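These figures come from a predicted structure and were not determined experimentally. We name chains A, B, ... by the order of the sequence lines, and we start the count at 1 in each one.
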Amino acid sequence: MADKRLLLIDGNSIAFKAFYALFQSVDRFTNHEGLHTSAIYGFNTMLDNILTAVQPTAALAAFDAGKVTFRTKLYDDYKGDRKKTPTELIEQFPYIKELLKDRGIKSYELANYEADDIIGTLSKQAEAAGYEVTIVTGDRDLTQLCSDHVTVSVSKTGVSEIDHYTADYVKEHLGITPKQIIDLKGLQGDTSDNYPGVTKVGPKTADKLIKQFGSIENLYDHIDEVTAKKLKEHLIEDHDQALLSKRLATIDCNAPVTIGLDELEYMGNQDEALIAFYKRMNFNKFLSQMNLQSEMPTIEYTMIDADHLNDVKLSGAVTLYLGMDGDNYHQAPFVGFVIGDGDHWYVSRDVELLKSAPLKDRLTDDQTPISVFDAKRAYVGLNRLGIKLNHVDFDMLLVSYLLNTNDNSNDLSKVASKHGYYGVKSDDDVYGKGAKRSIPEDDQTLFDHLASKALAISALKDKMFKELDEHDQTRLYQEIELPIAFVLARMEIQGITVNRDQLISMGSKLSERIAEYEQAIYNDAGQEFNIGSPKQLGEILFEKLHLPVIKRTKTGYSTSVDVLEKLAPEAPIVDNILKYRQLSKIASTYVDGLLKVIYPSDNKVHTRYLQTLTQTGRLSSVDPNLQNIPIRTDEGRQIRRAFVPSHPGWQIFSSDYSQIELRVLASISGDTNMQDEFNHNDDIHASTARRIFGLQSNDEVTPELRRQAKAVNFGIVYGISDFGLAKNTGISRKDAKQFIDKYFAEYPKVNEYMQNEVKFAHANGFVETITHRRRYLPDIHSRNFHQRSFAERTAMNSPIQGSAADIIKIAMINMESALAGMQAKMLLQIHDELVFEAPAEEIPVLEKLVPKVMDSAVKLQVPLRVASHHGPTWYDAK
DNA sequence: TTACTCACG
DNA sequence: ACGTACGTGAGTAAA
C-alpha cells in the first residue's frame, strides 16, 4: 500500500445517494429531537466501508457551494430541471459536516464551483505529489478523473455496494479512455444535469462515434466520414451545443482551490466528540461498534464466598442482578449474581450465598428497596432458591417498557443505551452467539459484565423514574405493572397440571386419522408428496390438478384456509387437506408441543407471561403459549380435557369479561346510544344489527343479521376500513362502506372518538389508555400510505385493547388479596379470561367473588359483565 | 433465519 | 389510486 493515500468524498452526491437509498424508511430514522437522520446514517455507513478499505492518510469531503457556478453562467439551464431537494435532506447537511469533522475529515466548498471541480483539482495535484487517490461519489461522470493513481468508487443502489473504477477498468468495460467520457457526454447530453448534446444522439450512437473518431473535435474535423445522412445533419446543426455540452461535462481540474494538500491530513475518529454525536443522533449501532473503553466504568467489587459473608455491608437501597443462562428462568442454570448498595458491590458465581444472612435479609425484609432488571425474572429465580423477594421498587425493564414500548428489549445493554447509558456490553458480545455461546470461565470477564449491569440499573433509576413521572405513569407503574409482575410470577410458579396420558391417547387417535386423510389425499393427487409443504401442495393443486389460483404469496401460491375453502367445491382433495391440516395442527402444536414442556417433577406446565412485549399492554405467553389453546372447533377443544386441577376432586373455574373491548369503547367514546344499550343489558350485536339494518324495535334480528353486525362491531374495534370488513365478512366493499357509514351515523360519538384518537396521535406521536399506558406511533407521519394507514388504525385500536388489558390486570391484583385464606389458585390469564383451580366446596364462593372482583376493577360509564363456568377439566368449564 | 400457516383473544 | 382488519406464539419447510 502506498504511504500517501488521499480520500476525496463527493459530499453532496453521497448524501443524496444515502438519502434515497433509505427513502422508504425515512421516517424510521429520526432522533429524539425529531431530526431526520437517514442520510447521516447512510453517509456514515459509507464512511465506515471506505475508510476501512482505503485507510487514507489524507481526506477531504467536497460540497457544492450553491446554485450559481461557472457552468450556470455558461448555460442558464444547467441543472435547471432539478427538483427541489426535500427538506428532510436539507436539514441533515449541517450534521453530515459535523459527522465528518468528528471522524477527522475536513469539509470544503468553493464559490462558483461544484464539488466535482474541487475533487478534480485536488486529485490532479495529489497525483502529481505522489498520492494514491480514491474518489467516492454516486456520480458516474467522475470516472473521467480515473488514471493510474486515481480510483473512482461509485456507489450503486445503496451506500454499501460500490463499483471501483480505475483507468484500466474504464477501458476494459467501456472501451474508451476516462478522458473520452466527456466527449461521450458532449454528444449525448445529460438529462439530469439538463444539457442537451446533439439531437437524436443517445448513448449508443455517441459510443459508436467516439470509438470511431476518438474525440468531438476530431469528429468534426472528419465530419464528411459520417455516412448516415440525418445524423450528419444533426451533428452539423448542433455543433455549438456539442462543444458547450462537452465543456459542461468537463470537470475543471484547475479550479482556484484555496486549500492545500498539506491541510488535508486525516485525523481519524475524534472519539469523544463522535460518541457524543452518535448519542445525539441515536446511532446505537455505530455506538456499539465504537471502542467505548472510555465509557466503560471501572467497577470496584468484592468477590465473596461463604467464609466472608459477615464482611458484607449493605445499607439503604440495594441493586440486585441475578444471572441466569437462558430465557426460561424456571429452569435456566444460575450464572452468578451481583448485589450492592452503590458504595459496595459484591459478586459471586455461587448463588447459594444469597440464602444466607445478611444477603437474604436484605432481599426479604420490608425496609430495603430493591432495584432490578426484570422483577418477575428475579422473583422466580430467587424463589427457586427458597427466597421470597420483597419490596422491589425499581424494575428497569418494566419502566423502560412503560416509557416506550417500541424501543424495549430484554437485553439490559440495549435498554440502558436507549436511555443514554452506554457502559454495558451486550450479552451476545460477552457470552457469544448461537452455538458458540458460553459463560466465561474467567472470573473477571464474568463479574465485570454482571457488575456493569447492576451499575447501569442503579445509575438510571432516578432519571427513568423522573421520565415516568413526566409521562404521568407513576401510578400505572406502582399500582398496576409492578404488582402484577409478582402476581404473574406466582401464577407461573403455580403452573397448571396437564394429564399426560390423556394427551398421549389423543395423540395416537389423531395419528390414525391423520394417516387416513393422508392416504385419501395421495389417492386424490395420484402421488405421494409432503402435504405440510406449501410449495409441494401448491404444485399439486395448481399445476397438476389445475385448480384456479385465488391468491399468491410472494414466493408462490397461497394455500391458506380462506383459499382452500373457496376451492373446496372444485375438488374433494381440498376438504381432505383442510381436515388434515386441522388435525396435524392439533397433533403437532398441542399434543406433541405440550408433552414436551410438562415438568416431570410436578406434571405441570409453567408458562412465562411476557409482560414487556406487546405494543398494547396485553400479556403474551410462551413456553408453552397457554393463550391459544384451541376452543373454536370441538376437535381442538378436546385438548382442554388434558388441563386438570392439581388435586383430586378439585375443579377448574373460569370467568371471562363479556365484550370488554366494546364496553371500553362505549365508555371512552362517550357515545350515549351505545352506553344505553349496555346499561339496559341489551344484546349489543342485535342492537347494532337493528340500527345498521334499520329494523323496527319489534322486528326479529335473524342470526345472519346479528352475525354481520357482530363483524362490524369487531371491525370498529380494530380501526375499520370498508376493504377490511368486506374481506373478512365476504360482503361487497360497497355494502361494507354503507354499514360503516350507518354505524357512525347511529353511534356518532364513536366516530368522533376514532377521529380524535388519530388527531391526537398526529399531534403527540402517541396514544394512551385509561391508565396512561402509551403507545408511540412514529409511522403516523409516514408519507407511505400503507404505513400511515396502519398507524391510524392502531391509534384507534390500541387505547381500546390496551384499556381492556389494564382492567384485567387491576382485577388480577385485586383477586390475589380476595383469594387470601382460600385454597383456590389463579392459574391463567387469557386476555379477557381468568382460569382458577379450587376445591369443589369453594366453587360457590368463586362464583360470586370472581365476577365481583372483575367487574369492580374500574368504574366505567357502562357496567362490566362477567360470565363464569366450571368443571372437572378446562374443557368442561364452558 | 424467513415464510407460511394456523391456534387464540 | 393506493391496498389492510387489532394483538399474539409455535410448528414446519426451505433456504
When the P atoms of B:dC8 and C:dG3 are considered, how many whole Å apart are they? 31 Å
Stacking here means centres under 5.5 Å and planes under 30°; does A:Phe785 stack on C:dC2? no
Touch check for A:Asn728, heavy atoms < 4.0 angstrom, all strands: base, sugar-phosphate only, or nothing? base
Parallel, tilted or perpendicular: which one describes the rings of A:His685 and A:Phe714, with boundaries at 30° and 60°? parallel
Tell me which nucleotide, if any, is Watson-Crick or G-U wobble paired with C:dA10 when both distances must be under 3.5 Å. B:dT5
From the options C:dT4, C:dC2, C:dT8, select the nucleotide whose nearest atom is closest to the side chain of A:Asp722. C:dT4
A:Arg774 to A:Phe766, cation-pi by 6.0 Å centre distance and 45° axis angle: yes
Touch class at under 4.0 angstrom, heavy-atom based, for A:Ile830 against every strand present: sugar-phosphate
Could you tell me the separation between the CZ atom of A:Arg793 and the P atom of C:dG7, rounded to a whole number of Å? 9 Å
Assess the side chains of A:Asn576 and A:Asp524: does a donor N or O sit below 3.5 Å from an acceptor N or O? yes
A:Glu635 meets the salt bridge (charged side-chain N to carboxylate O under 4.0 Å, His left out) criterion, sequence neighbours left out, with A:Arg513, A:Lys579
For nucleotides C:dT4 and B:dC4, find the distance between their P atoms and express it as a whole number of Å. 13 Å
Checking all strands, does A:Leu610 fall into the base, sugar-phosphate, or nothing category for heavy-atom contacts under 4.0 angstrom? sugar-phosphate
Assess whether a salt bridge exists between A:Lys734 and A:Asp722, defined as any Lys/Arg side-chain N lying under 4.0 Å from an Asp/Glu carboxylate O. no
C:dG7, C:dT12, C:dA5: which one has an atom nearest the side-chain heavy atoms of A:Lys727? C:dA5
Would you say A:Val605 and A:Leu626 make side-chain contact, with heavy atoms under 4.5 Å? yes
Base, sugar-phosphate alone, or nothing: which one does A:Asp656 contact when heavy atoms must sit under 4.0 Å apart? nothing
I'd like to know if the side chain of A:Gln473 pairs up with that of A:Glu481 as donor and acceptor (distance under 3.5 Å, no hydrogens or angles considered). no
For the side chain of A:Thr794, starting at C-beta, report the closest nucleotide among C:dT4, C:dG11, C:dG7. C:dG7
Have a look at A:Val622 and say if it touches a base, only the backbone sugar-phosphate, or nothing, with a 4.0 Å heavy-atom cut-off. sugar-phosphate
Side chain of A:Gln615: nearest nucleotide among C:dA10, C:dA5, C:dT8? C:dT8
Give the rounded distance in Å between these two atoms: CG of A:Leu626 and C1' of C:dA10. 12 Å
Here the distance between atom C1' of C:dT4 and atom NZ of A:Lys737, to the nearest Å, is 16 Å
So A:Arg608, base contact, sugar-phosphate only, or nothing? Heavy-atom distance under 4.0 Å. nothing
Quick check for you: among C:dA10, C:dA14, C:dG11, whose closest atom lies nearest to any side-chain atom of A:Ser533? C:dA14
Is it true that a side-chain atom of A:Arg663 and a backbone atom of A:Ser658 form a donor plus acceptor pair closer than 3.5 Å? yes
Nucleotide nearest A:Leu613 when distance is taken to its side chain, options C:dA5, C:dT8, C:dG7: C:dT8
If you walk 5' to 3' along DNA chain B, what is the first nucleotide with an atom under 4.0 Å of a heavy atom in chain A, and what is the last? B:dA3 to B:dG9
